Amino acid sequence: MNEVRVRFAPSPTGPLHIGGVRTALYNYLFAKKNGGKMILRIEDTDQTRFVPGAEKYIVESLDWCGIKFDESDYVGGEYGPYKQSNRKHLYKQYSDELLEKGCAYIAFDTAEELEQYRKEAEANKQTFIYNCQSRKHLRNSMNMSKEEVDALIANGTPYTVRFMIPEDREIVMHDLIRGEVHVQTNTLDDKVLFKSDGMPTYHLANIVDDHLMKISHVIRGEEWLPSMPLHVMLYEAFGWEAPQFAHLPLLLKPDGNGKLSKRDGDRLGFPVFPMYWVDPKTGDTASGYKQSGYYPEAFINMLALLGWNPGTEQEIFTMDELIQAFSLERCSKSGAKFNVEKTKWFNHEWLMRKSEEEVGKDYQAWLKAEKNIDVDLNFAIKVAGLVKDRVNFVKELWDQSFFFFEAPTEYDPVTVKKRWKENSAEMMGKAAEFINGIEDFSAENIDKVLNEWITGNEFNMGLVMNGLRLMLVGAGKGPHIHEILALLGKEEALKRIEAGVKVLG
RNA sequence: GGUCUCUUCGUCUAGUCUGGUCAGGACGUCAGGUUUUCAUCCUGGUAACUCGGGUUCAAAUCCCGGAGAGACUACCA
């Protein structure tokens, strides 16, 4: 068997949405699993839809995701260039070849004329198709002499090249995910292969490049399934061996029906893109998973399980584990509705698995950026270690640990009502005195001696602990009291108790 | 409209090829437990085979028919 070579071939028409990321991911996993190569090819044959910055966005996003390419314009490769606009000169000869073989023909119909035919057909509740029937009555080389055609071309009449779909044939194709697919050629239309602007359409460029780049497997979204027969016939017309095809199920809207789109993210309040994006023309912005605080590992993990499963009950996967476990056979056929809650859960799982050091470092940066708080890295690490398992995102750490960085200025009324008793102030005084006398201020020792002190004196455990919590945190939440005490330090703790007693009395 | 694809808990899915476990897991949700706090965590509950026929001792699984959903239907990819 030949070497496995797959490609991810986006169009730089905007930010890459998560469906595209998943397609890239599955290509990557398949390539790595089979010891093959992953290629990035930019399909920019439609110059009217070009969006500045989109290509850069795609490259950076996939890099953030940990999806690496073996060949591209960025890392090189022996089949470059890997951008279709830079391969423009290659395509005409293939278009000519099909013309010579009689597998394609020249059409002079203008876009406006065709538009008119479509409208007329629609008015009669019919569909206009450029096919074996209608092409007999349209302005193309099938109905003209060679001289006529040459003359028109010579005087600069714009023309397109259309593929001539053979009549009365059944095309039987094999899809790695869907099995056999049968299509009658009479239901197909003569697609344009070469545009009047001198550029190939997707269909031609795609087949030519896949062939030239020795692509072995085409793994792409289900929206391409209807053009598979065209592609198969193109390979046949050229006399080339076709790659294997696999059409992935679509990513659907969480509510209602339909393909997931940019609008859904705005509407439902979750990112549809891997990274933040600003549209250069409109200035519109779109949020990204990266900026929303997701770890790339969690994002990829979630995406991998949306349309594929390992057949075991394992849900948390590293990229390497995904590569080991992946197979196209275990991809599902039906579209998957995107689920925000599960996505958050994946991030939670990954956050818990991260080291205190790593989370602490992220938290330190977050504190500086969002709260303008400078904090010692070791302190941030200790705080992160104490509360990281309680949250989904680094940014949520604040709500669980703000009291480590600022003393309470007010006290949660509900907690005060529930926990602050008549003799609490007096008890806090005694506790402060005892705490002041603790020599070894480690969490372990505080836990030990504080408990001994309370039980030894037959104090009410709840009265002391809940009171202290209110003094130190300002609310009825947070880690164990001894942990808070130890991290805050004796001096700060005593200050807070004194201040709290003064306020609550 | 036409062509193609798909159809198991609210969601992601296992199971379908090779009929035979109370249809399994996860997210969500609900209830307990742990935490003398809150959160996490743990335990348990909840909830599905699109419908109708047929084959069979037995059908989510095989066959036929209907229904629904999605994609495509551009000189866009």
Side-chain angles (χ1 to χ4, degrees), chain A residues 9-13 43-46 48-49 84 107 109-111 114-115 118 121-122 125-130 158-162 175 177-179 181-184 186-189 191-203 205-206 220-229 247 249-250 252 254-259 302 305-316 330 332-346 348 352 387-391 396 399-400 412 415 418-419 460-466 468-470 473 475-481:
Chain A
S11 287
T13 56
E43 306 217 328
D44 58 346
T45 52
D46 184 4
T48 63
R49 292 210 307 158
Q84 290 183 331
D109 319 272
T110 65
L114 294 172
E115 182 62 22
R118 286 195 190 93
E122 200 179 333
K125 291 196 172 172
Q126 290 182 321
T127 309
F128 171 78
I129 301 181
Y130 210 124
Y159 68 92
T160 62
V161 176
R162 285 181 181 270
D175 183 279
I177 293 174
R178 280 148 223 288
V181 179
H182 300 241
V183 175
Q184 300 297 328
N186 292 3
T187 66
L188 269 21
D189 58 347
K191 281 275 182 261
V192 171
L193 298 178
F194 209 80
K195 300 185 271 188
S196 57
D197 67 357
M199 285 291 260
T201 60
Y202 166 82
H203 301 293
N206 187 265
R220 75 228 299 197
E222 192 186 342
E223 69 267 26
W224 292 108
L225 195 54
S227 40
M228 181 162 62
H247 289 91
L250 264 14
L252 272 17
D255 62 341
N257 300 304
K259 246 202 313 191
M302 172 277 292
L305 274 289
L306 217 51
W308 170 85
N309 77 83
T312 67
E313 287 180 1
Q314 181 179 356
E315 291 206 90
I316 304 301
R330 296 210 64 90
S332 48
K333 294 183 172 79
S334 52
K337 285 185 183 174
F338 180 78
N339 186 321
V340 202
E341 291 306 319
K342 185 108 188 201
T343 306
K344 289 178 184 168
W345 175 79
F346 274 113
H348 172 73
M352 285 202 298
V387 295
K388 78 182 177 71
D389 287 1
R390 308 155 79 101
V391 299
E396 291 175 349
D399 193 50
Q400 300 294 334
D412 176 50
T415 312
K418 197 171 170 188
R419 308 289 189 198
N460 181 311
M461 183 73 83
L463 187 70
V464 179
M465 291 305 202
N466 292 320
L468 280 174
R469 181 175 299 282
L470 198 49
V473 174
K477 63 197 287 189
H480 293 296
I481 288 296

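Below, chain A is the first sequence line, B the second, and so on; all start at residue 1. All figures in this text were calculated on a predicted structure; none of them were measured in a lab.
- Across all strands shown, B/rA39 has no partner, as no Watson-Crick or G-U wobble contact with both distances under 3.5 Å is found.
- Listed nucleotides: B/rC76, B/rG15, B/rU40. Nearest to the side chain of A/Thr201: B/rC76.
- Proximity note for A/Lys477 (side chain, C-beta onward) versus B/rC76, B/rC38, B/rU40: the nearest is B/rC38.
- Residues A/Val183 and A/Met228 form no side-chain contact, since every pair of their non-hydrogen atoms from C-beta on lies 4.5 Å or further apart.
- No hydrogens or angles were tested; on distance alone, nothing pairs the side chain of A/Arg390 with the base of B/rC41 as donor and acceptor under 3.5 Å.
- In a base pair of the Watson-Crick type (N1 to N3 plus N6-O4 or O6-N4) or a G-U wobble (N1-O2 and O6-N3), with each distance short of 3.5 Å, B/rC27 is matched with B/rG10.
- Within 4.0 Å of A/Ser334, counting heavy atoms only, lie sugar-phosphate atoms of the nucleic acid but no base atom.
- With a 3.5 Å ceiling on both atom-pair distances, the Watson-Crick or G-U wobble partner of B/rC72 is B/rG2.
- Residues meeting the salt bridge (Lys or Arg N to Asp or Glu O under 4.0 Å) test with A/Arg419, sequence neighbours left out: none.
- Of the residues near RNA chain B, A/Gly311 and A/Leu225, the one whose nearest nucleotide (by heavy atom distance) lies more toward the 5' end is A/Leu225.
- When both distances must be under 3.5 Å, the Watson-Crick or G-U wobble mate of B/rU18 does not exist.
- Figure legend. B/rA47 is base-paired to no nucleotide; pairs are counted as Watson-Crick or G-U wobble with both atom distances under 3.5 Å.
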(request) Kindly determine whether A/Lys344 and A/Glu396 satisfy salt bridge (charged side-chain N to carboxylate O under 4.0 Å, His left out), including the steps that lead there. (result) CA-CA 12 Å; A/Lys344 289 178 184 168; A/Glu396 291 175 349; over 6 Å; no
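- Using a 4.0 Å heavy-atom criterion, one finds that A/Gly307 contacts the sugar-phosphate atoms exclusively.
- The nucleotide B/rC62 finds its pairing partner in B/rG54, both defining distances of the Watson-Crick or G-U wobble pair being shorter than 3.5 Å.
- Residues forming a salt bridge (Lys or Arg N to Asp or Glu O under 4.0 Å) with A/Arg330 (at least two apart in sequence, or on another chain): none.
- In the set B/rC38, B/rA71, B/rU5, the nucleotide with an atom closest to the side chain of A/Lys259 is B/rA71.
- Counting any heavy atom pair closer than 4.0 Å across all strands shown, A/Thr312 reaches no nucleic acid atom.
- Backbone-only contact: A/His182 has heavy atoms under 4.0 Å from sugar-phosphate atoms and none from a base.
- Residue A/Arg118 places its side chain closer to B/rA74 than to any other of B/rU40, B/rA74, B/rA71.
- Mapping A/His348 and A/Trp345 onto RNA chain B by nearest heavy atom places A/Trp345 at the nucleotide closer to the 5' end.
- When heavy atoms are screened at a 4.0 angstrom cut-off, A/Lys125 is found touching no nucleic acid atom at all.
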